[in-house]
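Single-structure report; data block below.
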Amino acid sequence: MKILKLGVLVSGNGTNLQAIIDKSEIGEIPAKVVVVISNTEEAYALHRAKRHAIPAFVVKPKDFPDKRSYEQKMIEILEDYDVGLIVLAGFMKILSPHFIETFRNKIINIHPSLIPAFCGKEFYGMKVHRAVIDYGVKLTGATVHFVDENVDSGPIILQKAVEVEDDDTAETVALKVHQIEHQILPEAIRLFAEGRLRIVGRRVLIER
Ligand code: GAR
C-alpha cells in the first residue's frame, strides 16, 4: 500500500505527534510524518520531530504582516513536502477558510472532548478538562474530525469516551483523555490512508 505523507501542525508537548510517529515506525499505520510545523519555538513537539529526523519548522503569525501571508508560508511548506493529509495535533491556532479550502477534506483535528460538548473557540487544552470537572459530567472523551470553516464543527470520524470518576481532577481527566487520543488519532489516520472514509453530509461513513 502507498504510504500517506503527513504534515503535522503542533503548538505544545506533542504526545499525539509521538503516538503517530511511533505507530508509523512500527508499520501499524500506512503513513509517515514528513514535516512538522509549530506556531511557537517553545513547543516540545519540535524536539520529538528532531529526534526522529523529521523536518520541523516554526512559522509564527507575528513574523508576518497578516494572517494570509502567515498561512501562505505554511501552505508552501506543506505543498513542498507533498503532504496527503494535514493533522492538527494540539495546534492552537484557528485556520482561515482560505487555508481550509486549499486542503479541502484533507485536514483532521483531535479535540479533547466528546464534540459537540465542550468545544468551540473557548475550549482548548486544559480548559476543556477544567470545564468537564466544573460541569460534573460523568463521561468525556476525545473526537477526531475533519476540519471545516467553523471551530470544532467538521464531520466526525471517530470518538471514544472515558468515565469521570469522583476522585478525578482536570489533570487526571487530561491523562485519561490523552491515552485514548493516542489510539483514535492514529486509527483515523489509518482509515484515511486506506481510503475507507466517506463523507456524506455531516456523517463520515467507514467502509469495512
Ligand atoms: C490534546 O489533548 C488535544 O486534543 C488538544 O491539545 C492537546 C495536545 O496534546 N487540542 C485542542 O484542545 C485543540 N482544540 P499534545 O501536544 O500532547 O498532543
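Order of appearance sets the numbers: ligands from 1, and atoms from 1 within every ligand. Side chains are part of it too, since the values below use all heavy atoms of this structure and drop only hydrogens, waters and symmetry mates. Bear in mind that the values here come from a model prediction, so they are computed numbers and not experimental data.
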* **Intermediate values then yes/no, salt bridge (charged side-chain N to carboxylate O under 4.0 Å, His left out), Glu165 and Lys138** => CA-CA 7 Å; Glu165 276 149 308; Lys138 301 289 185 189; over 6 Å; no
Considering distance alone, does some N or O of [X] sit under 3.5 Å from an N or O of ligand 1?
X: Phe91; answer: no
X: Glu181; answer: yes
X: Thr15; answer: yes
X: Gly14; answer: yes
X: Asn16; answer: yes

Would you mind checking which non-hydrogen protein atom is closest to [atom], with the distance to 0.1 Å?
atom: atom 6 (O) of ligand 1; value: Met92 CE, 3.3 Å
atom: atom 10 (N) of ligand 1; value: Ile110 O, 3.7 Å
atom: atom 14 (N) of ligand 1; value: His111 ND1, 3.4 Å
atom: atom 9 (O) of ligand 1; value: His178 NE2, 3.0 Å
atom: atom 12 (O) of ligand 1; value: Gly125 N, 2.8 Å

Can you check whether [X] reaches [Y] side chain to side chain, under 4.5 Å on heavy atoms?
X: Gln159; Y: Ile115; value: yes
X: Ile75; Y: Glu79; value: yes
X: Arg198; Y: Val204; value: no

* Does Ile189 share a hydrophobic cluster with Val8, counting links as ILVMFWY side-chain heavy atoms below 4.5 Å and allowing steps through other members? ->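 Result: yes, single cluster for both.
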* Asked: Numbering the atoms of ligand 1 from 1, which are under 4.0 Å from a heavy atom of Tyr124?
  -> 12 (O), 14 (N)
* Asked: Are the side chain of Thr140 and the backbone of Ser113 linked by a donor-acceptor contact shorter than 3.5 Å?
  -> no
* Which of the listed options, Ala19, Gly90, Ala89, holds the heavy atom that is closest to atom 8 (C) of ligand 1? ->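 Looking at heavy atoms only, Gly90 sits closest to atom 8 (C) of ligand 1.
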* Test item: side-chain donor near acceptor, Gln18 and His52, under 3.5 Å -> yes
* More than 12 heavy atoms from other groups under 6.0 Å of NZ on Lys93 -> no
